[in-house]
Amino acid sequence: MWVVDKYIDYVKEQTIEDPKKSWGKILLGFQANKLRTKILPKKGLAKGYQKLEAMMMSFVADALSHSESYVWGNIFSPCEITQCFGLRTLSIECLACYLSGYHLEDYFIDYAQNTGIAPTLCSYHKTFVGAIDSDAVPVPQYAVTTSLSCDGNLNTFRYLEKKRGVPFTFLDVPYGDDEASVEYLAGQLEEFTAELERRFGRRFEEDKLKEALRIENETRKELMRFFQLQSEYYYPGELISHLYMMMGMHLLIGTQEFLDLIRYMNEEIKTYPKFEGKKILWVHLLPFYQESLNQCFNGSQDYQIIASDIILDSVEELDPEKPFHSLAKKIIRNMYNGSYFHKAQMVGQLADTLKPDAVIQFCHWGCKQSSGGSVLLKEEMQKKGIPMLILDGDGIDKRNSHDGQIKTRLEAFLEMLDTEKEEETL
């Protein structure tokens with residue numbers, strides 16, 4: 001829609017000219033998009049994916065409209081605890097994606113680097129740091145992050161505390177999966193809960209957390225059922241649909257609203273025809289802007305992404321009667337914690353369940369664990385006879401992704417898959 005494009009260009013221009021006065025315009029765009037997804041959803045998408053997009057747009061727009069209602073976090077922060085206080089967790093990675101909707105990621109990244117941020121820092125973090133340093137985005141009262149997956153988390157949040165005075169809790173996640181490690185992290189989660197009580201003046205009710213964990217267990221079961229159904233039925237979505245699902249599983253997990261949506265999708269998907277194309281298991285981040293990938297996967301009846309590991313990064317069954325210990329086990333056993341061999345095994349188990357025709361791993365520039373461990377995952381897939389493609393690029397900074405190279409490698413890989421299928425039918 002040309003009106004939307006004009007407004008995006010206008011906001012980018014105004015932000016670059018005077019970032020301190022741009023927040024109202026940015027927020028207005030988020031609110032308008034929230035309304036658009038409800039009354040004018042994208043055509044061609046399954047209704048479940050339309051509802052998912054509307055849910056995530058509402059979640060972010062509503063939270064940002066009330067700075068006292070949310071805390072910052074990273075994508076693996078325990079949102080189940082903050083929800084008990086009536087607070088939302090907004091991950092800085094997801095917010096960076098939303099800011100890139102205004103095509104501002106390059107400006108914010110350059111702004112951060114020009115103030116001394118290392119060029120090698122993750123692009124999601126640099127986008128967010130640049131947005132804060134430029135005063136384009138207001139700061140909340142509090143933040144929380146984990147050591148899980150990304151080495152940049154602690155340094156980014158320390159920087160935000162030093163530069164903008166945002167205090168934060170750091171959850172040091174052990175690599176070891178033993179009782180001592182669980183006790184150590186559970187104690188930190190309890191201290192985090194006490195800190196939220198003190199800072200926001202609200203009493204913690206453990207029964208709320210227990211109920212959230214019960215809902216979370218059901219949600220994870222329903223999601224696995226959805227993945228299995230999506231390997232059987234054609235369910236039209238877009239690359240960004242899987243990004244919204246990842247956001248929902250990390251920012252809304254434990255809520256009845258999100259559980260109801262997954263249940264709705266499980267019923268709706270069975271009204272669609274059987275899927276006869278190639279089933280793809282996606283690993284790591286989703287470069288939602290990449291034109292060649294969008295052309296290949298958006299609404300495709302030939303190639304369908306049936307699941308992504310980062311959506312279901314933990315398969316832990318939670319014990320609601322021991323909420324802090326259960327959350328500690330869930331975080332420690334996350335496939336993004338510990339050695340990459342642990343992740344390769346868990347992705348392998350997911351592949352055993354869903355039986356994809358191929359695996360595609362996107363190695364995000366600046367994410368060392370993704371690039372460094374991709375060979376281990378490829379070896380695991382070779383043992384199972386599953387073809388795997390490794391794509392290099394940037395999940396948010398278009399300047400670090402070469403669409404031509406991605407297109408060439410993707411087309412060659414998919415042609416190989418199609419050739420194998422033709423030979424099997426002969």
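This chain uses plain numbering: 1 for the first residue, then up along the sequence. FYI, side chains are in, hydrogens and waters are out, and symmetry mates aren't considered; it's all heavy atoms of this structure.
Separation of the Phe128 and Phe108 ring centroids does not fall under the 6.0 Å cut-off. Residues Phe85 and Phe200 place their aromatic rings such that the two centres sit no closer than 6.0 Å.
Counting non-hydrogen atoms of neighbouring residues, nucleotides and ligands closer than 6.0 angstrom, the NZ atom of Lys25 exceeds 12 such neighbours. For Lys42, the NZ atom sits in a packed shell: over 12 heavy atoms of surrounding residues, nucleotides or ligands are nearer than 6.0 Å. Counting non-hydrogen atoms of neighbouring residues, nucleotides and ligands closer than 6.0 angstrom, the NZ atom of Lys12 exceeds 12 such neighbours. The environment of Lys384 atom NZ is dense: over 12 non-hydrogen atoms of other residues, nucleotides or ligands sit within 6.0 angstrom. Remark: Lys21 NZ is loosely packed, at most 12 non-hydrogen atoms of other residues, nucleotides or ligands lying under 6.0 Å away. Within a 6.0 Å sphere centred on CZ of Arg158, other residues, nucleotides and ligands contribute 12 heavy atoms or fewer.
Using cut-offs of 30° and 60° on the angle between ring planes, the pair Phe168 and Phe157 is tilted. Classified by interplanar angle (parallel below 30°, tilted 30° to 60°, perpendicular above 60°), the ring pair Phe204/Phe324 is tilted. Ring pair Phe275/Tyr234 is parallel by interplanar angle, where below 30° counts as parallel and above 60° as perpendicular.
Pairs engaging residues 78-96 under the salt bridge (charged side-chain N to carboxylate O under 4.0 Å, His left out) rule: Glu80-Lys330 [sequence neighbours left out].
Ion pairing of Arg214 with Glu218 is absent here, as no side-chain N (NZ or NE/NH1/NH2) approaches a carboxylate O to less than 4.0 Å.
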For Tyr124 and His364: C-alpha separation, side-chain torsions, deciding distance, then whether ring-ring contact (aromatic ring centres under 6.0 Å, His included) applies.
CA-CA 10 Å; Tyr124 292 91; His364 168 61; 5.0 Å; yes
Applying ring-ring contact (aromatic ring centres under 6.0 Å, His included), run through Tyr102 and Phe30 and close with a yes or a no.
CA-CA 10 Å; Tyr102 289 106; Phe30 288 153; 5.7 Å; yes
Test side-chain contact (heavy atoms from CB on, under 4.5 Å) applied to Leu377 and Met388, step by step:
CA-CA 9 Å; Leu377 181 59; Met388 177 174 164; 3.6 Å; yes
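Checked by atom type, the side-chain pair His125/Thr156 shows a donor-acceptor distance below 3.5 Å.
In summary, of the residues considered (Arg333, Lys329, Arg220), a salt bridge (charged side-chain N to carboxylate O under 4.0 Å, His left out) with Glu316 occurs for Arg333 alone.
Rounded to the nearest 0.5 Å, atoms CD1 (Ile332) and OH (Tyr175) are 12.5 Å apart.
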